[in-house]
Each structure stands twice: as C-alpha cells, then as structure tokens.
Amino acid sequence: MPSYTPPLRDMQFVLHEVFNVVDELKQVPKHADIDADTINAVLEEGGKFAAEVAFPLNASGDAEGCTLDPVHHSVTTPKGFKEAYAQYIEGGWAALGCDPEYGGQGLPYVVNTMFYEMLNSANQAWTMYPGLTHGAYAALEAHGTPEQKQTYLPKMTSGEWTGTMCLTEPHCGTDLGLMRTKAEPQADGTYKITGNKIFISAGEHDMAENIIHLVLARLPDAPPGIKGISLFIVPKFHVNKDGSLGERNGIYCSGLEHKMGIKASATCQMTLEGAVGTMVGQPNKGMQGMFVMMNAARLGVGNQSLGLTEVAFQNALAYAKDRIQMRSLSGPKAKDQPADPIIVHPDVRKMLLTARAYADGGRALEAFCAMLLEKEHHHPDEKVRKDSGDLLALLTPIAKAFLTDNGHIATNACMQVFGGHGYIKEWGMEQYVRDNRINMIYEGTNTVQSLDLLGRKVLSNNGATLRKFGKLVAKLVEEEGVNEKMAEFINPIAVLGDQMTKFTTEIGFKGFQNPDEVGAAAVDYLRVAGHLVFGYFFARMAQVALRKIAEGSTDPFYQAKLQTARFYFAKLFPETATLMRTARTGAKALMDTDLVLA
C-alpha cells in the first residue's frame, strides 16, 4: 500500500530561504503581520489533514467511484468523502486564503497553494470538490455585484457551498465561440437558461448543501463567437433573501462520465431546463469573469500534477531502497543479501531523480506564481501590480502544461521503478499515472496552453513580457557570473536566455508569413520556456544551498539540493537543444502530409 509524508522541509526551503516570502509579503499591507512560524504551523496542520484524513480515502475512492441516481439526479461520492469534507469545513481549511470580509482567514495565497499541493498528493479526486470553489470564489469576488458577493461568498468561504465552472458543451470544448446554451431575460432581471454542459467537475455531489454553478450562455441578441458569451450564477437550490435555501433550480446531473482516472471526482453531464440565473458582469462580457476562474484552475491543475509527482516519488524511492534485484554493475553493495537494492542501478536513480527534480522545480514555480498573484491584487505600488500580472500571465500556461507534462514523465518513471508491481493496483502507482494523464487534457489541453503562451503572451507584444522574465535571469547571472561554484548552474541559463531571444524572433518571423509555423512550434517552444523557468529556480535553489554550506551548515539537506540541481542541469535541461531544433524544422513536415493522412 502507498504512503505519504508531507514535504514540509522542502516547502519551508522554497518559501523562506529561496523566496523570502515573509519579507515579500510584508510589502503588502494586509500581510504586514505575517511571520514564518504562522505559515509553518498552518502547513504542518494542513499536512496532517492531508495525510491522515484525505490520503486514506484515495485508493478506496478510486475503486468505488461515484454513483448517480438517475431518478433524483443525485450523486453519491465514495465512502468517507462526505465525512472528510465535514472535517475540512470544521477545521476552517476552506476559508484559509479567503477575505475576512466574507469570513475568511485572509492568509496569503501561497499558503493555500502549498496546502493544496499536499491535498493533491493525498487525494486529487477528493480535492477537486473544494478546489474548484476557490476559482468560482475568485471570479465572483472580481466581477460580482455587492449583492451577489454578500449572498454567495460567505457560504463559499466557509465551504458550506461549493462552486463549479460550466463551459464545455457536447459539440465544443476549447472553442467556446460555438456555444449554444441560451439565456432568456425575465421581467424580474433574472434569466432562464437552457442547454447542455459536459465534463463538469463536481457538478453534482452529496458533500455540500448547495452548489453554485458559474454558467456561460448566450443572450438572444448576442453577437456570434466568443464576443457573444455572458456569465451567470445558477445555484443548485434557489437562495432566498434571508440566505436560506429555496426550491430546486432547473439544473441537474443527467449523466456521469466513466473516466480512466480521478474516478472519485464526479465529472457530470449537466442539463439546464429553464434554470434561473443572475448575470455576472456585463452582457456579452462573460469571458472576463470566467477567465479569472480558468486561470485559477490552470494554476490548480499544475499543482495537481506537482502533488502526484511528489507522492509518486516518495513511494518509488521507498520501494527502490527495499526491493533487491541483481548486483550493482560496479560490484556488490549489500553483501549480506543475495542481491542489491535496485536503487544502486543508474537508470533507477535516473527515474527517481527525474521525479525529484520535477517536484522541486514545480513547487518553486507554483509558489512563485502564488506570490505574483498576491502582488498583482494587493501590492500598493501600481508598477509592481502591473509587472506581477504580466509575469503571472506568462507563467500560467507554463505552470499548467509544463508541470502536467512533467507529472506524466515522473509518474510513469516512478511506476517503472516498481517493475511488474507498478501496474498492479494494490501498490497505488498506476492510479497516479491514470490520474495525472487527465491533467494534461482538461482546463485547456497542453497544446492550447502552448498556443496561448507563444501566440498571446509572447508574440502579441513582441516578447515584452518574456523580456521581463529575462531580466530576472539576467540579474541572477550578473550576481553570480564570477562565482566559480555557481558556474554549472548559471552558465546554462545564461546561454539559453540569450538563445531564447533569437529563437522567439525566428518563430515570430515565420509565423508572420505563415500562421501554421506558430502552431507547429508552440509545444516545443513552451517546453523550452519551461526549462528556462525551472533553470532559473534551480540556480536560485543552488545559490541558497551553497551559501548555507559556506556559512558552515552540515545539514545534508543542502547537499541534496545541490545534487538535485546538478542532475537537472546534466540530464533534463539539455532537452532544450533538441526542442529548439525540432521547432525550427517548421510546419512543412507536418502540413505537407495529405497522402499519409488520406
């Protein structure tokens, strides 16, 4: 059976030693009193909840799945899920990062991000029920009316009500301009909404007393395409003026998807038959509000794969230390045993270190993004808010796609460590592979994320936002460029930073002549950009570790961080050379293939 230990020391390293988040947060007035002890204490207790409450339900939830009552359209979650959610509510975990105005604890986003990493390691499927509520909360906080906020946010903050995002329809996924769901205005200012949605995570369940659906639909006179979409609040139960629940609304689950993974997460087909909704924001401007939720969800999906990478690594490492098979190529290591533990074999170590490196890099990226989100919304300096928002926009598709791709590589590698036991259900590894594979698809496939990065975030402003990240790299290179001990970490990112300018210009020039060139290069481009980002973070982590060792620390933790960084730059980072070469081959080898694909 698998196990899980919250990686608190690794989190503390990233938060307090690499990013100095307390000092950064003190620049934000609302967090002026935050301290490291508070952050550590919250995460320690959060880790206990993840490991002791959520984790024991992971395998059983996967085996049991969710059950739909087709008569009453109700969904029953696996045994123990509802009770675990009640403990989550009772412990105040739902309110962790929410505004005190609505009953929240007002802790920094980064604390909630680290907590959710642990929940995702423990039980991704369970975590999706409360996790989506944070995105719905953010969308309503940003675009809801004062009355909508007062009606819904306190209950969503407490966790008594959960939230969903209802976008996809049977005939359209990412291309929301093809949406057909209709919203008919009513005399009382509400709307009657009719249509069908699919793939709605947590669309129906038995864990909360009400579900607040954020639904995209078209007004009768809406212009065609993406510019004719409005956003509506459609609660499962109507909410009376005094806040109590009224009658059932005309939105219900008409089917459950049977998935390869996250089987304990109810992925619902939702039918709306004259469901009553209220508009969020302005008519035909619904994507503004939904993008708030979508971007939160994309960071959240990256965090899901980070969590799976970490728990897969922990279990593969434990197995590799225990499983004996063959002798080391350089001579017996466990002479008192008939064979050596498989951890002595180079390729087993490569697989383990790949997962370790992708977990460390992913954690740094998620923490960095959470701090950017904090600054974008709450920093008193307008320029800092603007720069933080630009950087976050650049890094969001990387966080979603690079982390989930890496999670695929890592969970598969960790399953491989187990050999034949890896695909046997009782060991738990095959579930991590199945769960993570979905992460690469939903919330915008990773190809969509790549097109978003290259087309919208880089080429649309001639690389201006990319240059903002480049300045961070250049600053670190300038700081450590003459430090011989840092050369193995600094030189690779200095070289790639320079190459990225030429690489981006080439792709942009080709794309100007033929847009298919952007589509052909985008996936490779995102992965190169992801390695530049990870390389920057690994260089910073190595910088801290070397400094601590120079100060006299004998803690093996810092030597381990250096070893991970060396492995990353030696074995994973060089992928960028191949990726740039394949990206430069252009679209012809893909598009001039009509005979092959006839």
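Quick caveat, the model's predicted, so the values are computed rather than measured. Basis for what follows: all heavy atoms, side chains included, without hydrogens, waters or symmetry-related copies.
Contact of the Asp10 side chain with the Arg356 side chain is registered, since non-hydrogen atoms from C-beta on lie closer than 4.5 Å. Side-chain contact between Ile424 and Phe418: absent, with no pair of heavy atoms (C-beta onward) separated by less than 4.5 Å. Two residues are said to be in side-chain contact when any heavy atoms from C-beta on lie closer than 4.5 Å; Thr168 and Cys172 fail this criterion. With contacts defined as side-chain heavy-atom distances shorter than 4.5 Å, the pair Glu117/Met11 qualifies. Looking at Cys268 and Leu256, their side chains come closer than 4.5 Å, going by heavy atoms from C-beta outward.
Counting non-hydrogen atoms of other residues, nucleotides and ligands closer than 6.0 Å to CE of Met260 gives a total above 12. The 12-atom threshold is not exceeded at CD of Gln416, counting heavy atoms of other residues, nucleotides or ligands nearer than 6.0 Å. Other residues, nucleotides and ligands place more than 12 heavy atoms under 6.0 Å from the CZ atom of Arg9. In Lys259, the NZ atom is crowded: over 12 heavy atoms of neighbouring residues, nucleotides or ligands sit closer than 6.0 Å.
With salt bridges taken as basic N to acidic carboxylate O contacts below 4.0 Å, none links Asp524 and Arg527. Taking 4.0 Å as the cut-off between side-chain N and carboxylate O, Lys400 and Glu443 do not count as a salt-bridged pair. Between Glu45 and Lys48 there is a salt bridge, with a side-chain nitrogen of the basic residue lying less than 4.0 Å from a carboxylate oxygen of the acidic one. Between Lys561 and Glu17, no side-chain nitrogen of the basic residue sits less than 4.0 Å from a carboxylate oxygen of the acidic one, so the salt-bridge criterion is not met.
A ring-centre distance under 6.0 Å is not found for His205 and Phe81. For Tyr442 and Phe199, the ring centers sit 6.0 Å or farther from each other. Aromatic pair Phe402/Phe534: ring centres closer than 6.0 Å. Not less than 6.0 angstrom separates the ring centroid of Trp93 from the ring centroid of Tyr85. Residues Phe537 and Tyr568 keep their aromatic ring centres 6.0 Å or farther apart. A centroid separation of 6.0 Å or more is found between the aromatic rings of Phe538 and Phe489.
Side chain of Asn123 to main chain of Ala54: a donor-acceptor pair is present (N/O by atom type, distance under 3.5 Å, no hydrogens or angles). Side-chain atoms of Asn303 come within 3.5 Å of backbone atoms of Thr113 as a donor-acceptor pair (strictly under, hydrogens ignored). In this structure a side-chain-to-backbone donor-acceptor pair under 3.5 Å is missing from Thr445 to Ile441. Without hydrogens or angle criteria, Lys197 side chain to Leu167 main chain gives a donor-acceptor distance under 3.5 Å. Between the side chain of Glu64 and the main chain of Lys79, a donor-acceptor pair closer than 3.5 Å is present. Remark: the backbone N or O of Ile262 is paired with a side-chain donor or acceptor of Asp435 at under 3.5 angstrom. Side-chain N or O atoms of Thr133 include none that pairs as donor or acceptor with a backbone N or O of Thr162 at under 3.5 Å. Within the 3.5 Å criterion, the main-chain N or O of Thr5 finds a donor-acceptor partner in the side chain of Gln314. Side-chain N or O atoms of His345 include one that pairs as donor or acceptor with a backbone N or O of Gln325 at under 3.5 Å. Side-chain atoms of Asn412 never come within 3.5 Å of backbone atoms of Val433 as a donor-acceptor pair (strictly under, hydrogens ignored).
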Before you tell me yes or no, could you show the steps for Asp62 and Arg434 under salt bridge (charged side-chain N to carboxylate O under 4.0 Å, His left out), namely the whole-Å CA-CA distance, both residues' side-chain angles and the distance that decides it to 0.1 Å? CA-CA 10 Å; Asp62 180 67; Arg434 287 187 288 107; 2.8 Å; yes
Residue pair Leu526, Leu453: steps toward the side-chain contact (heavy atoms from CB on, under 4.5 Å) verdict: CA-CA 7 Å; Leu526 183 142; Leu453 173 69; 3.8 Å; yes
Please evaluate residues Met429 and Tyr423 with respect to the criterion side-chain contact (heavy atoms from CB on, under 4.5 Å), reporting the C-alpha separation (whole Å), side-chain torsions for both, the decisive distance (0.1 Å), and the verdict. CA-CA 7 Å; Met429 302 306 293; Tyr423 51 77; over 6 Å; no
Assess whether side-chain contact (heavy atoms from CB on, under 4.5 Å) is satisfied between Thr164 and Leu214, documenting all intermediate values. CA-CA 6 Å; Thr164 76; Leu214 293 190; 5.9 Å; no
Under the side-chain contact (heavy atoms from CB on, under 4.5 Å) criterion, do His134 and Tyr116 qualify, and how do the steps go? CA-CA 11 Å; His134 287 285; Tyr116 264 77; 3.2 Å; yes
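Using a 3.5 Å distance cut-off with no hydrogens or angles, the side chains of Asn406 and Ser305 do not pair a donor with an acceptor. A donor-acceptor contact closer than 3.5 angstrom is absent between the side chains of Lys457 and Thr465. Side chains of Asn439 and His408: a donor-acceptor N/O pair is absent below 3.5 angstrom, by distance only. Donor-acceptor pairing under 3.5 Å is lacking for the side chains of Asn120 and Gln124. In this structure, a donor-acceptor pair under 3.5 Å is present between the side chains of Asn58 and Gln431. Under 3.5 Å, the side chains of His377 and Tyr109 contain no donor-acceptor pair of N or O atoms. No donor-acceptor contact under 3.5 angstrom links the side chains of Gln87 and Glu83, judged on distance only. There is a side-chain donor-acceptor pair under 3.5 Å between Glu257 and Gln269.
Below 30°, between 30° and 60°, or above 60°: for Phe557 and Phe13 the angle between ring planes is above 60°, a perpendicular geometry. Between Tyr88 and Phe49, the two ring planes are tilted [angle within 30° to 60°]. Ring orientation note: the planes of His531 and Phe573 are nearly perpendicular, at an angle over 60° on the 30°/60° scale.
The line from CZ of Phe368 to OG of Ser388 is 8.0 Å long, rounded to the nearest 0.5 Å. Of the inter-residue distances, the one linking Ile200 atom CD1 with Thr267 atom OG1 reads 9.0 Å to the nearest 0.5 angstrom. The structure places OH of Tyr358 at 4.5 Å from CD1 of Ile409, a figure rounded to the nearest 0.5 Å. Distance check: Thr309 OG1 to Arg363 CZ gives 9.5 Å after rounding to the nearest 0.5 Å. With rounding to the nearest 0.5 Å, the separation of NZ in Lys375 from CG in Leu391 is 9.0 Å. We find the CD1-CD1 distance between Ile343 and Ile324 to be 14.5 Å, quoted to the nearest 0.5 Å.
Taking both residues in full, the closest heavy atoms of Met118 and Leu43 are given as CE-O, 3.4 Å, listed atom of the first, atom of the second, then distance. Summarising the geometry of Gly163 relative to Met156, their closest heavy-atom pair is CA-CE, 4.3 Å, with the distance given to 0.1 Å. Looking at every heavy atom in both residues, Ala136 comes nearest to Met293 through N-CE, 3.4 Å. Across every non-hydrogen atom of Ala355 and Cys414, the tightest pair is CB-SG, 3.6 Å. Between Pro2 and Asn315, the shortest heavy-atom contact is CA-OD1, 3.2 Å. Across every non-hydrogen atom of Val42 and Leu96, the tightest pair is CG1-CD1, 3.9 Å.
Applying the side-chain contact (heavy atoms from CB on, under 4.5 Å) criterion to Phe567, with sequence neighbours excluded, gives Lys350, Leu353, Thr354, Ala357, Lys571, Leu572.
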